[in-house]
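Quick notes on the structure that follows.
Note that ligands are numbered from 1 as they come in the structure, with each ligand's atoms numbered from 1 the same way. These figures come from a predicted structure and were not determined experimentally. Values below: every heavy atom of this structure, side chains too, minus hydrogens, waters and symmetry copies.
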Amino acid sequence: MSATAAGAVTLATEAVRQALDGHRPRVAVVLGSGLGRLADRVNDPRRIPYGDIPGFHVPTVQGHKGELIAGMLGGVPVIMQSGRFHMYEGHPAHISVLPTRVFASLGADTLIVTNAAGGIRRSFGPGTLMVIRDHLNLTGRNPLEGEVLPGETRFPDMTVAYDADLRRLAHRVAVAQGTELAEGVYAALLGPSYETPAEIRMLEGLGADAVGMSTAPETIVARARGMRVLGISTITNLAAGVSHDLMSHADVMNVANQVAERLAKLVEEIVERLGEARDERRETRDVKR
Ligand code: HPA
């Protein structure tokens, strides 16, 4: 598996690099279910269908498009991933994180991951936005299994997997926009069945505030590559048993669509501020010289 994992990253990176034609993304953004609207905010978008990228699979889940979108967001060169390779679709862990590795190989140093999630904390009703403070990887797999890939560490530290400065920045931007932004622990399960009420009670006992079927593998790989990670969950429903409503993907998509605009505005300004911070650091460096 390992030789092919490294080879797959090289092949896919080269295809994307060529398609990007000199565009060098600094920030990579993963768009969760129904959250694709963020891509509409990208200026000068260049779309790369997954069919044009070796090793990328066309998504089978409704609400995931299957393309990368590169361009400028808030004055910063970005690349967005519309469509994940979930492990519940049958993809091995190393395939589920292929896009993340490609973004790192292209030189992106920041990863913003978004997802749709169920709210375990009682105050997290549908429409809540939650910054991920930490995660529980309960998928049963780790994307770093196998040989160490070039540019990665064997035992990445996960003490502050979700960057504290980025979390602070997200809260500052949310306050400025008058958007409520919660913070909590995200539990990643394999899926695809939603959880039982008993499983949700267990997750609550473990300290989880929200639950979903993605994100943890991408964050693990991003940390192994030294990328900074910001995670934002859109809570689309109260988790099983917290509410007595039955769960449906259609409801998840509906709520995600309703919140997408707020999330898009939030992420755009976060990226813009990141660009400004980088410019300031560059200026300070130049003055010191
Ligand atoms: N559980 C798991 N994944 C989800 C949920 C949920 O309740 N809502 C959206 N994605």
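- Looking only at protein heavy atoms, the nearest one to atom 5 (C) of ligand 1 is G118 N, 3.4 Å.
- A single hydrophobic cluster is seen to contain both F85 and V16, as judged by linkage of ILVMFWY side chains at heavy-atom distances under 4.5 Å, directly or through other members.
- Checked by distance only, ligand 1 and E195 come closer than 3.5 Å through their nitrogen or oxygen atoms.
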Task: Derivation of the side chain to side chain donor-acceptor pair (under 3.5 Å) call for S105 and R225 - done: CA-CA 9 Å; S105 299; R225 288 281 183 136; 3.3 Å; yes
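- Side-chain contact between R41 and E261 is present, with at least one heavy-atom pair separated by less than 4.5 Å.
- Near A116, meaning under 4.0 Å from one of its heavy atoms, ligand 1 places the atoms 9 (C), 10 (N).
- Proximity of N115 to ligand 1, defined as any heavy-atom pair under 4.0 Å, is not found for any part of the residue.
- Looking at R133, H135, E183 one by one, the single match for side chain to side chain contact (heavy atoms under 4.5 Å, CB included) with Y162 turns out to be H135.
- Counting heavy atoms under 4.0 Å from ligand 1, residue T236 touches it through the side chain alone.
- When heavy-atom distances to ligand 1 are checked against a 4.0 Å cut-off, A117 comes that close only through its backbone atoms N, CA, C and O.
- Just one residue in the list T234, I132, V30, T236 forms a side chain to side chain contact (heavy atoms under 4.5 Å, CB included) with N115, and that residue is I132.
- Annotation: atom 8 (N) of ligand 1 to nearest protein heavy atom, N237 OD1, 2.7 Å.
- In this structure, H91 has its ring center at least 6.0 angstrom away from the ring center of H86.
- Looking at atom 3 (N) of ligand 1, its nearest protein heavy atom turns out to be G212 CA, 3.5 Å.
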